[in-house]
Amino acid sequence: MCLAVPGKVLDLQERDGTLMSTVDFGGVHKDVCLEYIPDAAIGDYVVVHVGFAIQRLDEESALATLAEFERLGVLNEEFGDGFALAAKQAGLADPTAPAQPDSEVTS
């Protein structure tokens, strides 16, 4: 599933002539392109779809949406480990989990 998710602009950077930001999605930080909203400021909430900020959003709406996404488990689906999620859905062990030490056998 690919959603548009609200997040908070943490910084502004120019990378290779492109306006970028680190955006906070309820504790998950991702790089986001701000070219569609070039006047975005630090502290603004933006709606992000596939790595691009596409719209500004007021803080109350952004926080309510993030809380609902968290309640529904959507944030983990969107930002979590894809391999772990696929394994869980298939009823398999998490391939990204640390290996469990073999139990020692003593005679």
Side-chain angles (χ1 to χ4, degrees):
M1 178 183 337
C2 202
L3 296 173
V5 180
K8 185 176 185 177
V9 175
L10 298 179
D11 59 25
L12 301 171
Q13 313 152 22
E14 186 174 316
R15 288 191 227 147
D16 298 322
T18 302
L19 182 58
M20 299 290 293
S21 174
T22 303
V23 174
D24 178 8
F25 300 96
V28 176
H29 295 182
K30 297 283 186 180
D31 286 336
V32 170
C33 178
L34 294 178
E35 286 294 315
Y36 295 134
I37 307 176
D39 59 339
I42 293 172
D44 283 353
Y45 282 85
V46 293
V47 176
V48 178
H49 180 64
V50 293
F52 291 86
I54 57 173
Q55 175 182 340
R56 228 182 240 95
L57 188 63
D58 65 276
E59 182 176 15
E60 182 180 346
S61 297
L63 294 177
T65 301
L66 283 170
E68 188 64 17
F69 282 178
E70 180 67 28
R71 186 185 74 74
L72 294 171
V74 173
L75 290 181
N76 190 43
E77 230 177 82
E78 192 69 16
F79 297 122
D81 185 312
F83 290 115
L85 181 61
K88 180 179 177 183
Q89 289 173 342
L92 302 172
D94 180 352
T96 62
Q100 296 296 319
D102 293 332
S103 50
E104 293 184 28
V105 178
T106 56
S107 323

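Just so you know, these numbers use all the heavy atoms, side chains as well, and skip hydrogens, waters and symmetry mates. Fair warning: this is a prediction, and the values are worked out from it, not measured in the lab.
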In terms of heavy-atom contacts, Ser21 and Val9 come closest through OG-CG1, 3.2 Å
Ala62 and Pro6 have their tightest heavy-atom pair at O-CG, 3.7 Å
### Query
Asp24: what forms a salt bridge (Lys or Arg N to Asp or Glu O under 4.0 Å) with it, not counting sequence neighbours?
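Salt bridge (Lys or Arg N to Asp or Glu O under 4.0 Å) list for Asp24, sorted by chain: empty.
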Pairing residues for Arg15 by the side-chain contact (heavy atoms from CB on, under 4.5 Å) criterion, not counting sequence neighbours: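 Checked Arg15 against side-chain contact (heavy atoms from CB on, under 4.5 Å); matches are Gln13, Met20, Asp31.
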Checklist entry - If two hydrophobic side chains count as joined below 4.5 Å and joins carry through other members, does Phe25 share a cluster with Leu12? => result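 Yes; Leu12 is reachable from Phe25 via cluster members.
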When Thr65, Val47, Leu66, Val46 are each screened for side chain to side chain contact (heavy atoms under 4.5 Å, CB included) with Val5, the one that passes is Leu66
Side-chain donor-acceptor pairs of residues 32-45 under 3.5 Å, sequence neighbours excluded:
residue : atom : partner : partner atom : Å
Glu35   : OE2  : Leu19   : N            : 2.5
Asp39   : OD1  : Arg56   : NH2          : 2.9
Asp44   : OD2  : Ala41   : N            : 2.8
Asp44   : OD2  : Arg56   : NE           : 3.2

In this structure, CD of Glu59 is separated from NZ of Lys8 (nearest 0.5 Å) by 6.0 Å
